[in-house]
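Each chain gets a letter, A, B and so on, in the order its sequence line appears, and its residues count up from 1. The basis for the numbers below is simple: all heavy atoms, side chains too, and nothing from hydrogens, waters or symmetry mates.
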Amino acid sequence: MLCKRIIPCLDIKDGRVVKGVNFVGLRDAGDPVEVAKRYNDQGADELCFLDITASIEGRGLLFDLIERVASQVFIPLTVGGGVKTAEDLRPLLNAGADKVSINTAGVNDPSIFNKASHFYGAQCVVAAIDAKKKSSGDGWEVFVHGGRTATGKDAIAWAREVADRGAGEILLTSMDRDGAKIGFDLELTRAVADAVSVPVIASGGVGNLQHLVDGVLKGRADAVLAASIFHYGEHTVGEAKAMMRAAGIRVRL
Amino acid sequence: METIAIVDYGMGNLRSVAKAFAHVAPEQRVLITADAREIANAERVVLPGQAAMPESMVALNASGLREVLLEASKTRPFFGVCLGLQMLFETTEEGATDALGYLPGHCVRFPSPHRDHDGSTLKVPHMGWNAVHIPAHARAHPCWAGLDDGSAFYFAHSFYAVPDTAETLVGSANYPDPICAAAARGNIFAVQFHPEKSAAAGLRVLKNFSTWNGAF
């Protein structure tokens with residue numbers, strides 16, 4: 001049967017892997033090919049690259065980076081950040097991305113999911129949803145522009161809509177938990193996972209390996225994404241898989 | 001120098017497949033091509049595929065490559081990947097499109113909702129790593145050389161092939177019931193998973209194909 005996936009996430013700026021807290025104090029974290037290879041060797045099931053480049057020059061460097069990683073690391077690569085139209089998927093896929101995540105552009109024009117899915121197949125269209133608990137306490141609201149702009153959209157309803165429109169997967173980030181290292185928002189994860197028929201990747205808040213286990217067993221996520229626990233050498237992907245397996249979760253070893 | 005021709009009919013992402021072949025077969029020429037003559041001259045032919053079957057069949061028919069592909073499917077090592085496997089069968093439920101018909105059988109979609117044996121919902125697409133079981137009659141297939149029964153490969157699909165004959169099925173994955181993960185007949189070998197994205201196990205399949213003479 002299908003395994004649950006562990007996906008290390010790498011922030012990319014101007015073609016390099018960067019580390020930092022909330023995009024502040026960014027520092028170079030090495031050559032993307034080397035970092036990708038390291039995670040591949042540890043048994044990562046996929047890799048996620050999030051481009052935080054703001055310039056056109058930096059965008060060109062992203063294509064070069066994907067090209068180089070895809071020539072040497074043979075696991076699925078998801079790339080997100082900066083996609084504005086369905087046409088923007090083509091150069092990323094050509095460079096070697098297998099999936100492209102769409103966030104703000106999808107809220108601005110939801111038909112991008114229909115178009116992208118029609119042209120390239122649902123399997124390569126990932127809807128990235130950044131959600132935050134409503135102040136009323138009743139459900140979660142979708143935010144865009146890297147979490148700066150509230151949309152008024154309900155996260156569960158939005159997840160259903162993007163899946164109906166053709167997104168093949170949902171990358172769900174809890175903004176309340178992102179960077180907090182206190183675990184996924186399990187209530188949110190489970191609510192979205194139960195609401196849609198497509199796979200859900202849980203993101204935001206992982207501080208230890210038990211959080212990954214909880215994301216699957218309690219949040220019902222199909223995949224778990226984490227950044228800092230892997231980047232800073234606290235844990236390897238292999239350790240995470242051993243922990244998940246010990247908890248009875250099927251993983252690829 | 002031998003050539004692996006990756007058929008470009010204008011759909012899907014062919015670069016990943018090409019990169020992976022270039023990695024495992026550095027001594028061979030790996031061509032992404034829409035040129036019938038180049039395909040006809042290649043020692044090995046690869047039919048990749050993504051996206052939707054109807055659009056892909058329309059694109060393939062419009063490409064004018066059906067004739068050379070039919071010839072290649074009878075005469076030399078021929079490899080299908082993902083939708084490239086499904087297209088080798090006769091018809092598909094998706095838009096009820098006629099496919100290439102090199103292998104007996106048809107394609108269907110996972111039901112909606114898709115249920116596990118315990119009644120819980122299974123996600124569609126079938127996306128991620130799943131174990132592939134190799135039936136006894138196919139264990140000696142050269143394309144499976146060096147691979148254990150139960151090796152994990154990366155899948156990403158909503159449709160799957162249903163071969164008419166048991167001997168055509170050379171690999172299966174459980175979701176929750178067995179589905180076709182690999183199909184073969186004579187010089188044709190095709191996989192539903194993405195070997196180009198399946199790490200060492202996938203690269204081994206590609207390496208095996210790159211040295212296969214088409215006999216089984």
- Query: Is chain A contacted by the side chain of B/Pro113, its backbone, both, or neither, given a heavy-atom distance below 4.5 Å?
  - Reply: neither

- Query: For B/Ala173, is it the side chain, the backbone, both, or neither that has a heavy atom closer than 4.5 Å to a heavy atom of chain A?
  - Reply: neither

- Just by modelled atom types, is the A/Gly96 backbone N or O under 3.5 Å from a matching donor or acceptor in the B/Arg15 side chain? no

- Task: Measure A/Lys99 against the heavy atoms of chain B and call it side chain, backbone, both or neither at under 4.5 Å.
- Result: side chain

- Approximate separation, where rounding is to 0.5 Å, of B/Met127 CE and A/Arg5 CZ: 6.5 Å

Check residues 192-201 of chain A and write down every donor-acceptor pair under 3.5 Å in which the side-chain atom is one partner and the other belongs to a residue at least two apart or another chain.
| residue | atom | partner | partner atom | Å |
| --- | --- | --- | --- | --- |
| A/Asp194 | OD1 | A/Arg220 | NH1 | 2.9 |
| A/Asp194 | OD2 | A/Arg220 | NH1 | 2.9 |

- So which heavy atom on A/Met1 is nearest to which on B/Leu122, and how close? CE-CD2, 3.9 Å

- Query: For atom CZ of A/Arg68, is the number of surrounding heavy atoms from other residues, nucleotides or ligands below 6.0 Å larger than 12?
  - Reply: yes

- Message: So for B/Thr121, is it side chain, backbone, both, or neither that comes closer than 4.5 Å to the heavy atoms of chain A?
- Response: neither

- Which answer fits A/Glu67, side chain, backbone, both or neither, if we ask what part of it has an atom under 4.5 Å from a heavy atom of chain B? both

- Message: Using heavy-atom distances under 4.5 Å, tell me whether B/Tyr154 contacts chain A through its side chain, its backbone, both, or neither.
- Response: side chain

- For A/Phe74 and B/Ala20 the tightest heavy-atom approach is CE2-CA, 3.5 Å

- Taking all atoms of both residues into account, what is the closest heavy-atom pair of A/Gly168 and B/Pro125, and its distance? O-CD, 3.5 Å

- Task: State, to 0.1 Å, how close B/Ala199 and A/Arg252 come at their nearest heavy-atom pair, and which atoms those are.
- Result: CB-NH1, 3.9 Å

- Item | Part of A/Asp222 within contact of chain B (heavy atom distance under 4.5 Å) | side chain

- Counting only heavy atoms not in A/Arg250, do more than 12 fall under 6.0 Å of its CZ? no

